[in-house]
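Just below is one structure, and these are the notes that go with it.
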Amino acid sequence: MTPTQGDRDAVLGRIREALRVPAPLKHPAERSAGGEPTTAHFREWLPPVGPSLDARFELFSRLSETLKSELIVCADMDEAAAQLIKIATEASWKTLGLHHGELTSALASRLPADLGRIFVDDGYDKNALEASDAGLTECELLVAQTGSVCVTGPSSGGRVLSVLPPHHVVIARRSQIVTDLSEAYASLAAKYRDNYPSMISFITGPSRTGDIERILVLGAHGPKRLTILLLP
Amino acid sequence: MNSFTSPPKDIFQNDADRTTDDGPRRAAVRNALHNYKAARTRTGATYTDWKAARSAASTIKHEAVNHLDKYLEEFERKFTARGGKVFWASNSQQAREYIVNLAKARNVRAIVKSKAMTGEEIHLNDALIAEGFGVVESDLGEFIQQLKGEAPYHFVFPCMHLRRDEISDLFHKELGTAKTNSPEELTMIARRVLRRTYVEADMGISGGNFIVADTGMISITENEGNARLTVGVPKIHVALIGIEKVVPRLGDLALLLPMLATAGTGQHLTGYNSMYGGPRQPGENDGPEEFHVVLLDNHRTRLLADPEQRDALHCIRCGACLNVCPIFKNIGGHTYGTTYQGPIGSVITPHFRGLQDWKHLSGASSLCGACTETCPVGIDIHHHLLHNRRNAAAEKPAPGEGLLWKAFTFLMRRPALYRLATRFAPLGSMLHPLIERSALDPMIAWTNTRDFPEAATKSFRQQFNAHQAAKASKNGGAK
Amino acid sequence: MRVSLFIPCFIDSLYPNVGMSMVRILERLGHTVDVPEGQTCCGQPPFNSGYWDEARSVAQNQLRAFKDAEVIVSGSGSCGSMLKVFYPELFHGREQEAEAKALSAKTWEFSEFLVNKLGVTDLGARFEGRATFHDGCHGLRELGTKQAPRELLKHVKGLELVEMGEAETCCGFGGTFAVKFPQISTAMAEVKCNSICETKADYVISNDSSCLMQIGGYLNRNVGTVKCLHLAEVLVQQ
C-alpha cells in the first residue's frame, strides 16, 4: 500500500480552483511585528497566569481542586512513597502498571514487594494491564493555566498506561509547571524538534462525562482518579 | 409520513409539529442548556479578552482555510514521513469503501469507534455492519444512541434529550442490567461493557478536531478518555476527518483548544486533548502498527468555492451555536433530519446536500443572531442563513412567493398608493373576525395560536397630520 | 435638531400610539419632528425571504424619501437594523452604495438616540407599575442596544423594572418566519411569555413593536393579564 491514495489530485484541484477568489478576513487579529498573531499574544487574551513559579503553582493547585485531581505536595521521595502506599492500601491494590524512569523507578523501589508490578517498557499483556489497579507514570510537564498534565509515550510509558488502569498516578517535580499551553508546545518543540513522539496528550482531571442529564460523573472510560505526587 | 417520497422540507415541518408540542422534552433540553450557559459565562469571564482571542482564532482558521491546499500537502508530507497513510476521499462512497476494504484486508472482526460526525455523515457504521463487522460506539452518549437506534441529538451532547430513567430502561432492555436511578451507575455499566471492547478490537476509528500541518498530527479532543483508548489499544487506527479541519501550526492549538472547551462546554480545557503524529514509532512500546487518515471532501470544496460563505468552514464544531439557538431548543436535534444540526448545520447542509432540497433549514430561523454572537471563531452564521435564502430564491423563485414580493414591491415603491392602502386597514380589521381561524383566513398560520391586533381607527399618519395641523393653527400659521 | 422618524407600516396601522409617543417625547425635548411622506417600508420582508432585488427596489424608495434628513430615528430595532446594517450590504458594489452608507450613518434606534446622541436619560416620566423588558434581537445584536432602554426606564418614577430570565431570548417573530414556521414561532413565544409571567410583572416593555405583536398575540390568547407597551409609550407618560 502506498502512503498516499485516493482522489488526491481531484480534491486538491477543486481546492485550488475554489481558492482563486479570495474571501475577506472579517475579524482581523491584533498582529505582532512578525505579521501573525503570535502565541505570546495568546497569553494576553486567555485567562491570566502570574509570572512566578509560585503563582503558577498556586493556579495549578486551585484548578486541580476544581477538576478533582488529587494534588499531593511531597517533601521528598520517601514522603511520596508513603502517600502512594497509603492510597494503595486503602484501595487494596494488587497490581500496579508502571514504566522505568528516574522518578518512577525510585518510587517503585520504595513500594512493598507484595504489590504486583507490570512494567510496560518492553511490551505488555493488555488484558493484564486492563485488570491492574493503577498506572504510575512520569510526565513531560504540568500546565498552570489549565491544570493539565502533559504526557507523551517516552515520558509516560506509552499511549495506554496513563489511561487504561482506573487510577492514574503521576510523579512530577514542581519545576515542571509551565505557564500555559503555548509554553508547553514551545518546550516540546525544543525538546523533540522534528522527532515528536507519536502521541502528546494533555490530561485535565480524571475522565469525566456529562452525557446523562448533564450531570458530572467521573471515570467514564479513562481513570476515575488522577493523583499528582509533586516533588520539589 | 413516508420518508422515501416526502421531501425533507415536509418531514421537517411534520417533525417540528410534533417536537414543539412536547413541553416536557423541551423543558429538559432548556434546563440542560441553562447549566451550559452558566458554566460558559463563568469560564468566559476568566479570559482577559475574549473578543481579541476570538479575532485571533478567526484569523488562524482564515489562514488555514484560504491556503487549504498548501497546508493539507504539508500535513501529508510530514505525516507520511512518519509511517502514516493518507487517503483522499472526494465523497462519502470513496471514504466508506476505503475503510471497509481496509478492514477486510486486515481480517478485522471487531471495531471500536470514538466520536466522529464524519462517520455519521457518510453512514459508515451501516456500511461496516452490512459487511459483517461489529462496530461499537465508545463515547457514552453515542453508545446510548447506538443502542437506541437513533442518530445523535447534538454533535457534542449526543443524548442530551434523554432522562436517566429512559437510559436505565434502555440498558435494562438491551444489556440486561438492573434498572437504576443513578447517572453514576449507568455510566459504570457502559464503562464495564466497553472495557472489553477496547482490548478486543482490531481496529479503532476516530474523528479528529484538528489537522496540524507543520508537525503532521491529528488532534482529538474529548472528556471521557474513550478516544485515547480507541486510538491507543487496537493495532489499526483510522481517523476520518474533514479537509477543513486544518490549522497551520501546533502552537495554534494553545489558543484553539481552550476556546473550543470554553465555547463547547464551559470548561477551561476538555479532559483529554491528544495529538497523534503517526503510528507507533521505532522505540515506542505501544500504539497502533498502522495509522490511516481519511481526508474527506464530500462537498466541502463546494462551500470553499463560495467566498461569501467560506468562513463557515472555519467551524471547530464546538456546538455553542446549537446551545444558544431558540430554534434548536424548541425543535430538538433530530428534527433537522441531518448530521449537522443547529445554526451551523442550517448554513452548511444546503451546500453539502443540495440548496433547493435543504433551504428550509436556512429558512427556519428568526435570525436572532445569538449563534453569531456566541461563535468562538467569528463565523457570520445568521447572515449566511440570509445568503442561502437569497441564493435559493435567485436559483429558483417559489412561484407564489415571487409574485407576492413583486406585488409588495409595486405597492411599496408608490408612497401615495401605500398610504391609500393603509386607509383600508381598519376595514380589514372589521372583516377579519368573520373568517378568523377558518380555512379562508389568510392569517391562519398566525391566528391559530396567537391573537392578531386590530388596526387602529386612526393611523399614525392621520394622527400626525392632525397633530401638525393643530400646532400650525396654534402658532397662527407662523413657522 | 430636525428629527425624521421612520414609521414602519405596522406602527402606522396597528400601533400609532407608539409613533405619536415618540413625536411628543422629541418635541418636549425641543426638537422638530418630521415624518417624510415618501416613506413606505424598509424592505425587510422580501429581504429576509431572499428576494433581494425586490428588497433593493423598495429600499430605493426609502433612500429617496430620507435623502434630506439630518437624522433618522426608527421606532423599531428590526427596521432600524435594516436601514443601518443591511442597506450597505444590499447596495454593496452598486451605484447607490454611497447613498446607502450615508443613510446608515444617520440612522438611530429610538433609545440609542435619546441616550447616546442627545445625552438624555431622564425624561421626567412617571408610570406606576411592575414591568419587565424584552430585548428585541435586531436591536440587541445588530445594533448593540442593551443598556440605553434600561437607562431610560431607570428614571421613570413609580416604575419597578424586573429582569426576566429569558430577556435576550428571541420571541419568535422573525418576520415571515412567524407564519412560515408557526409551530416553532409559537413555541418560542411560549418560552418568552412563561419567562415574563415568572417575573409577576403586569407589563412587558420592548423597543420593538413587531416583537410586541408576537408577545402580545400569545399573551392575549393564553394569559390575558399582562399588557404590552413600547418603550416610547412608557416614557411619554407624565
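A note on names: the letters A, B, ... follow the listed sequences, proteins ahead of strands, and every chain is numbered from 1.
- Contacts with chain B were tallied for Ser198(A), Ala18(A), Pro48(A); Ser198(A) has the most, counting heavy-atom pairs under 4.5 Å.
- Only the side chain of Leu72(B) has a heavy atom closer than 4.5 Å to any heavy atom of chain A.
- Separating the CG atom in Leu257(B) from the CG atom in Leu181(A) is a distance of 6.5 Å, to the nearest 0.5 Å.
- A donor-acceptor pair under 3.5 Å is absent between the side-chain atoms of Arg159(A) and the main chain of Asn285(B), judged by distance alone.
- Separation of atoms OG (Ser148(A)) and CG (Asn273(B)) is listed at 7.5 Å; rounding is to 0.5 Å.
- Taking the side chain as every heavy atom from C-beta outward, Leu269(B) and Val143(A) never approach each other to under 4.5 Å.
- When all heavy atoms of Ala254(B) and Phe42(A) are compared, the pair lying nearest together is CB-CD1, 4.0 Å.
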| task | Could you give me the CA-CA distance, side-chain angles and deciding distance for Lys26(A) and Asp311(B), then say whether side-chain contact (heavy atoms from CB on, under 4.5 Å) is met? | result | CA-CA 9 Å; Lys26(A) 291 178 193 165; Asp311(B) 67 341; 3.1 Å; yes
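- Formation of a donor-acceptor pair under 3.5 Å by the Asp69(B) side chain with backbone atoms of Ile15(A) is not found in this model.
- Proximity to chain A (any heavy atom under 4.5 Å) is shown, for Thr262(B), by neither the backbone nor the side chain.
- Heavy-atom distances place both the backbone and the side chain of Leu250(B) under 4.5 Å from chain A.
- Considering only heavy atoms from C-beta on, Asn195(A) comes within 4.5 Å of Arg82(B) through its side chain.
- In this structure, the side chain of His221(A) does not engage the main chain of Gly225(B) through any donor-acceptor pair within 3.5 Å.
- The part of Glu44(A) that comes within reach of chain B is its backbone (N, CA, C, O), which places non-hydrogen atoms under 4.5 angstrom from that chain.
- Ion pairing between Arg208(A) and Glu222(B) fails under the 4.0 Å rule for side-chain N and carboxylate O.
- With respect to chain A, the highest number of heavy-atom pairs below 4.5 Å among Glu284(B), Lys70(B), His268(B), Gln267(B) belongs to Glu284(B).
- Here the side chain of Ser201(A) pairs no donor or acceptor atom with the backbone of Tyr272(B) at under 3.5 angstrom.
- Atom CZ in Arg8(A) sits 13.0 Å away from atom CZ in Phe87(B) (nearest 0.5 Å).
- At a 4.5 Å heavy-atom cutoff, the contact between Tyr198(B) and chain A is made by side-chain atoms alone.
- Between chain B and the options Thr146(A), Val160(A), Asp122(A), the largest number of non-hydrogen pairs under 4.5 Å is found for Val160(A).
- Between the side chain of Arg191(B) and the backbone N or O of Gly219(A), at least one donor-acceptor pair lies under 3.5 Å.
- With a threshold of 4.5 angstrom between heavy atoms, Val231(B) approaches chain A through its backbone and through its side chain.
- Interface remark: Arg310(B) contributes side-chain atoms only to the contact with chain A (heavy atom separation under 4.5 Å).
- Neither the backbone nor the side chain of Arg300(B) comes within contact range of chain A; no heavy atoms are under 4.5 Å apart.
- Counting heavy-atom pairs closer than 4.5 Å to chain B, the top residue among Asp121(A), Asp9(A), Ile200(A) is Ile200(A).
- Contact annotation for Asp297(B): only side-chain heavy atoms (C-beta onward) come within less than 4.5 Å of a heavy atom of chain A.
- Salt-bridge check for Arg196(B) with Glu130(A): passed, with a basic side-chain N closer than 4.0 Å to an acidic carboxylate O.
- The candidate with the highest count of non-hydrogen atom pairs below 4.5 Å against chain B, out of Ser207(A), Gly6(A), Gly205(A), is Ser207(A).
- Top candidate by heavy-atom pairs under 4.5 Å with chain A, chosen from Arg164(B), Gln281(B), Lys51(B), is Arg164(B).
- Between the OG1 atom in Thr209(A) and the CZ atom in Phe143(B) there is a gap of 12.5 Å [rounded to 0.5 Å].
- Ranked by heavy-atom pairs shorter than 4.5 Å toward chain A, the options Ala105(B), Ser219(B), Pro183(B), Ala305(B) are led by Pro183(B).
- The candidate with the highest count of non-hydrogen atom pairs below 4.5 Å against chain A, out of Met160(B), Gln94(B), Lys78(B), is Gln94(B).
- Both the backbone and the side chain of Ser90(B) come within contact range of chain A, judged by heavy atoms closer than 4.5 Å.
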Would you tabulate the side-chain donor-acceptor contacts of residues 161-171 of chain A under 3.5 Å, counting partners in other chains and residues two or more places apart, or write 'none'?
{"from": "Ser162(A)", "atom 1": "OG", "to": "Arg228(B)", "atom 2": "NH2", "distance (Å)": "2.7"}
{"from": "His167(A)", "atom 1": "NE2", "to": "Thr227(A)", "atom 2": "OG1", "distance (Å)": "2.7"}
{"from": "His168(A)", "atom 1": "NE2", "to": "Thr137(A)", "atom 2": "OG1", "distance (Å)": "2.9"}

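- Proximity to chain B is limited to the side chain of Val151(A), based on heavy atoms less than 4.5 angstrom apart.
- Summarising the geometry of Glu213(A) relative to Leu162(B), their closest heavy-atom pair is CG-O, 3.9 Å, with the distance given to 0.1 Å.
- Using non-hydrogen atoms only and a strict 4.5 Å limit, no part of residues 51-60 of chain A faces chain B.
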| field | Stepwise side-chain contact (heavy atoms from CB on, under 4.5 Å) test for Arg249(B) and Tyr185(A) | value | CA-CA 10 Å; Arg249(B) 299 153 292 264; Tyr185(A) 282 123; over 6 Å; no
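- The nearest pair of heavy atoms linking Ser55(B) to Pro28(A) is CB-O, 3.7 Å.
- Under the 4.0 Å criterion applied to side-chain N and carboxylate O atoms, Glu73(B) and Arg16(A) are assigned as salt-bridge partners.
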| From CA spacing to verdict: side-chain contact (heavy atoms from CB on, under 4.5 Å), Phe202(A), Met275(B) | CA-CA 9 Å; Phe202(A) 290 93; Met275(B) 292 104 239; 4.0 Å; yes
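- The candidate with the highest count of non-hydrogen atom pairs below 4.5 Å against chain A, out of Val293(B), Thr43(B), Leu186(B), Leu304(B), is Leu304(B).
- You'll find the side chain of Thr59(B) reaches within 4.5 Å of the side chain of Leu25(A), heavy atoms only.
- The contact between Leu218(A) and chain B is made entirely by backbone atoms, counting heavy-atom distances below 4.5 Å.
- Nearest heavy-atom pair across Thr301(B) and Val11(A) is CG2-O, 4.3 Å.
- Contact of Ile243(B) with chain A is made through the side chain alone, with heavy-atom distances under 4.5 Å.
- Although no hydrogens or angles enter the test, the distance criterion places no donor-acceptor pair under 3.5 Å between the side chain of Asp49(B) and the main chain of Trp45(A).
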| message | Evaluate Arg214(A) against Tyr36(B) for side-chain contact (heavy atoms from CB on, under 4.5 Å), listing each step before the verdict. | response | CA-CA 9 Å; Arg214(A) 308 299 312 132; Tyr36(B) 155 81; 5.6 Å; no
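- Here the side chain of His27(A) pairs no donor or acceptor atom with the backbone of Ala57(B) at under 3.5 angstrom.
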| Please walk me through it: do Glu184(B) and Lys224(A) pass salt bridge (charged side-chain N to carboxylate O under 4.0 Å, His left out)? | CA-CA 11 Å; Glu184(B) 161 111 24; Lys224(A) 197 168 175 142; 2.5 Å; yes
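- Your options are Ala220(A), Pro47(A), Gly222(A), and the one with the most heavy-atom pairs under 4.5 Å with chain B is Pro47(A).
- Contact count against chain A (heavy-atom pairs under 4.5 Å) is highest for Met217(B) among Met217(B), His161(B), Glu308(B), Arg280(B).
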